[in-house]
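Notes follow the structure.
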Amino acid sequence: MTGGRYVHNVLAIARRELKGYFTTPIAYVFLAIFVALAGVFTFYVGQFFDRGVADLEPFFQYHLWLYLLLVPAIAMRLWAEDWRSGTIELLMTLPVSTAEAVIGKWLAGWAFLGLALLGTLPIWITVNILGEPDNRVIAAGYLGSFLIAGGFLAIGAAMSAASRNQVIGFVLGALVCFLFVMSGTNLVLGSLQGWAPEVLTAAVASLSALTHFSNMTRGLIGAADLIYVASLIVFWLFVNAVIIELGRAE
Amino acid sequence: MASVTQTHASRRMLAALAIILAFLTLLGVNLFASQELPLTRLDLTEDKLYTISDSTRAEMGALKEPITVRLYFSKRLGEIAPTFQAYFDRVRALLDHYARLSNGRIIVQTIDPEPFTDAEDEAVAAGLQGVPLGSNDQLGYFGLVATNMTDDREIIPFFAFDRETFLEYDLTRLIHKLSVVKRPKIGLITTVPMLGSMNPMTGQQQPAWRVVDQIKDFFDVATIETSATAIPADVDMLMLVQPAGLAPELLSAVDQFALTGKPVLAFVDPVVEVMGPTGSQFGPDDGFLSLLKHWGVSFDPAQVAGDADHARQVQYGTPSRPSVADYLVWLDMTPETFDGTDPVFAGIKSITFATAGILQPEAKAGPRAEPLIQTSTNAMAFPIAVVRTPDPSQLLRDFAPGNLALPLMMRVQGTAQTAYPDGIPKGANGEAAEGSSQDLSSGDAGAAKPEQTELKSGSVNAIVIADVDMLYDSFWADVRDLLGTQFLVPLAGNANMVLNALESLSGGSALADLRGRGVQDRPFSLVQAIRREAEARFRSRAEALNQNLQQVEARISNLQKGAGEGNVILSEEDRQALAQSRAEMISLRQQLRDVQRALREDIDQLDLGLKLLNIALVPALIALAGAIVYWVRRRRRIAWRKAASLRREAAA
């Protein structure tokens, strides 16, 4: 198959999926909740206004935790719904490969999350009205946030594929995302101490979304951070595809 | 059937195996990236906070002798607090980079000082600071010891997060200190106890001002007593901080030193505030001011500079009734007030002054005196009396901007005449001798007399700053404490600017582009402007109300006093007057409270507006869009059903 045809198929599926999001009111509810919660965390928990510093640290600080809820909620219907309603049979009769379907669906979800992030742009305008922030650092923060959202979405999509029930897909997705957030922290590393070889501890620590995200919100886009996000997405999309293939065969 | 199940089982096995292998790859790739590529990154920050500077490259490239850097890091610390692990990775990667830049002259060793080992003893002996690891008594270390060939040693006791943005500066400065063989020597003449002193009240030793420590990182500092009669021959440059009561011979020696073109950095101040009530004893000295005049700079000790555009906000008043206002004589100067082309401002974002004086170029021909920092034109010269009893609101009332920028710092270059054309003053004659006659006996003894080679004129190379308080710790830095180790977090560029000035005068510029990096305040300027504007708007009203209130209170107390002096019973008239006054007082207080509330009103409104914009507006728009889409779809569906039923009818 040619590359052009591949891209065409992926985009066709992504377009169809993305359109699907907006046929139900749930998409709008999610978008509204995400934007409102981001604002609430920034102003009330992060004390953005009283802090008086022209940067968006109090805004980005809570993104990962918001994604823990929002992203699995977006991802849960990616596959679980298809299993339940049997539309997966229909999808697989189309002349598209599993990989194309997996990537297409994931791209649609990612674009949707991008829209959610776009909804928070007033905060960027706000901080520029109030003072003179380092806008390049803010741009890096947005990029980092979008990338991590893509990584979490890939996790959520795989979990959705692994379960035929949306609620279970959501819970599993949130749980695995939580592990990836926490993997750099005491909680996870502490459990490895004593028995796991050092190299494993270091490897698990390198999987922490928290560390990579905080680098990016400081204005540093590192090769290690980009590799992290890319490998996270590729791995979970691979898991997703393997599960779908298995399901089809059975 | 059995074979189908078997196929399923083997497929599942295969799938599980593939996923496990993929996961191991994920782990491996990320492990590799985090270990090997920690410095391959795009630095998007405006200041390039995380990019190796040219100073560091030059410094490392110029290393002649090897320097050994022993980096101590307890692995256990990294396990307990992964943020430290990430910070350690960064430090180690940076040092490895230094080693490459220095062509291997920097040798980096990483040591894990495990509890109760020789490595831990070494770390402790070198002065590293341990932090407790969890509940047991063990300590974790994250510091550095660097030594050169001659066994000079420099350490970083602990890598504190608060100094993370200054990491490169700290490391490069440390290497710089170990690599320089002979450092320029500064002769320091000061009447201010910046080198540490004994507090006469408590008998406690006061530490030296932090700026002195910073200077000592790059220069040797030798103090010259005000009673001395000569400047030691090995002094390369002079730093004068509020020089007063100098022996006439010393003043003349300073004059001669300056005329030879050797660098001079001078600080004069109408009032050294940090000396507290004794500040008046630290006034500038006529003898030195006359020297300044000959260098082309005049300074009026009776004036301080006030600037409404750069005033710092202060809290004052009583604890029960605190007020906030701009204190017009405490200034936060920002780059637009700097002569941006001068190297002393490399990387400097702000410099704070406290009751600074005003410098003016002398009209008559002489050296060229160019302002390096000037106030805005929304400024005026206040008489010194106003700062003796600081009252921000009084200053604001008296403020009448002169539409003229006032220079606070000047660079002097060019040919100057000696202040002593008739030779060295002999104590009793000459304005400089005041108060120093008792020093003469010691002055006559020793020290080579420069009379024979006296210069009548020469080229002066000096920088003059009209404030001494700007050197004091609390005006530019925050001293923080981490488990007993104090470290400094600069809030303004004062010390960096002084170092730049010393270096630029002495013809060097080591680390100039690294200094000042990371010291940046990004305030909500809009909120500050609104506050300023509201205060200006309500000030006169608040003051009028306060005055009325005082009058009414006085009236009430008079009436009550009248009642106390034998008139046991108040007359009906007085009673009415008293009741009326009380009512008036209550109303006035209410009005005052209203004014105070109104002061914050605009800011509160802004806060509320921004919250609404960010929390409610976009979600509301999204909901609206959703509703519209839903409505359009519903109409379409109805239309479609109608058409379908019409078609059915037609078919029937």
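Computed from a predicted structure; not experimentally measured. Lettering follows sequence order; numbering is per chain, from 1.
Residue A:E132 places its CD atom among 12 or fewer non-hydrogen atoms of other residues, nucleotides or ligands, all under 6.0 Å distant. For A:R51, the CZ atom sits in a packed shell: over 12 heavy atoms of surrounding residues, nucleotides or ligands are nearer than 6.0 Å. Taking a 6.0 Å sphere around CG of B:L621, one finds it holds more than 12 heavy atoms contributed by other residues, nucleotides or ligands.
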Determine whether A:T42 and B:N614 satisfy the following criterion, side chain to side chain donor-acceptor pair (under 3.5 Å), listing intermediate values before the conclusion.
CA-CA 9 Å; A:T42 309; B:N614 282 289; over 6 Å; no

Where do B:V527 and A:F49 land on the side-chain contact (heavy atoms from CB on, under 4.5 Å) test, with the steps shown first?
CA-CA 10 Å; B:V527 176; A:F49 194 80; 3.9 Å; yes

What's the verdict on side-chain contact (heavy atoms from CB on, under 4.5 Å) for A:R218 and B:T45, showing C-alpha distance, side-chain angles and the deciding distance?
CA-CA 8 Å; A:R218 282 189 303 166; B:T45 55; over 6 Å; no

Using the side-chain contact (heavy atoms from CB on, under 4.5 Å) rule, take B:F524 and A:F48 through it: C-alpha gap first, then chi angles, then the decisive distance, then the call.
CA-CA 11 Å; B:F524 283 169; A:F48 170 74; 3.9 Å; yes

Go through the steps to decide whether B:L610 and A:L130 satisfy the test side-chain contact (heavy atoms from CB on, under 4.5 Å), and finish with yes or no.
CA-CA 10 Å; B:L610 291 177; A:L130 285 173; 3.8 Å; yes

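By number of non-hydrogen pairs under 4.5 angstrom with chain B, the leading residue of A:A27, A:S206, A:A224, A:A139 is A:S206. Residue with the most contacts toward chain A among B:K75, B:Q85, B:K611, B:Q35: B:K611 (heavy-atom pairs, distance under 4.5 Å). Interface summary for chain B: among A:A203, A:P25, A:G131, the most heavy-atom pairs under 4.5 angstrom belong to A:A203. In terms of non-hydrogen atom pairs under 4.5 Å with chain A, the most contact-rich of B:L44, B:L31, B:L526 is B:L44. Interface remark: of the candidates A:A140, A:S214, A:G39, A:A54, A:A54 forms the most heavy-atom pairs closer than 4.5 Å to chain B. Chosen from B:V29, B:L617, B:L14, B:D607, the residue pairing most often with chain A at heavy-atom distances under 4.5 Å is B:D607.
Counting all heavy atoms, side chain and backbone alike, B:D43 lies closest to A:R136 at O-NH2, 4.1 Å. The two atoms that bring B:R41 and A:L220 nearest to each other are NH1-CD1, 3.6 Å, heavy atoms only. Residue B:V618 comes nearest to A:G119 through the heavy atom pair CG1-O, 3.4 Å, listed as atom of the first residue, atom of the second, then distance.
In this structure, B:L26 and A:L207 have side chains that are in contact, with non-hydrogen atoms separated by less than 4.5 Å.
Using a 4.5 Å cut-off between heavy atoms, B:A22 touches chain A through backbone and side chain atoms alike. Of the atoms belonging to A:P133, it is backbone heavy atoms, and not side-chain ones, that fall under 4.5 Å from chain B. Heavy atoms closer than 4.5 Å to chain B are found in both the backbone and the side chain of A:T23. Proximity to chain A is absent for every atom of B:F32, based on heavy atoms less than 4.5 angstrom apart. Within the 4.5 angstrom heavy-atom criterion, only side-chain atoms of A:L200, from C-beta onward, approach chain B. Residue contact with chain B, scored on non-hydrogen atoms closer than 4.5 Å, involves the side chain of A:F235 exclusively. Neither the backbone nor the side chain of A:A205 comes within less than 4.5 Å of any heavy atom of chain B. Contacts between A:V199 and chain B at a heavy-atom distance below 4.5 Å involve backbone atoms as well as side-chain atoms. Only the side chain of A:V242 comes within less than 4.5 Å of a heavy atom of chain B; its backbone N, CA, C and O stay farther away. Heavy-atom distances place both the backbone and the side chain of A:I123 under 4.5 Å from chain B.
Of residues 626-640 of chain B, those residues with a non-hydrogen atom less than 4.5 Å from any non-hydrogen atom of chain A are, in numerical order, B:G626, B:V629, B:R633.
Of the inter-residue distances, the one linking A:D225 atom CG with B:N30 atom CG reads 10.0 Å to the nearest 0.5 angstrom. Going from atom CD1 of B:I615 over to atom CZ of A:F41 covers 11.0 Å, rounded to the nearest 0.5 Å. Atoms CG and CZ, from B:L613 and A:F43 in turn, are 7.5 Å apart once rounded to the nearest 0.5 Å.
Not one N or O on the side chain of B:R522 forms a donor-acceptor pair closer than 3.5 Å with the backbone of A:V53.
With sequence neighbours excluded, the residues that form a side-chain hydrogen bond (donor to acceptor under 3.5 Å, both in side chains) with A:S208 are A:T211.
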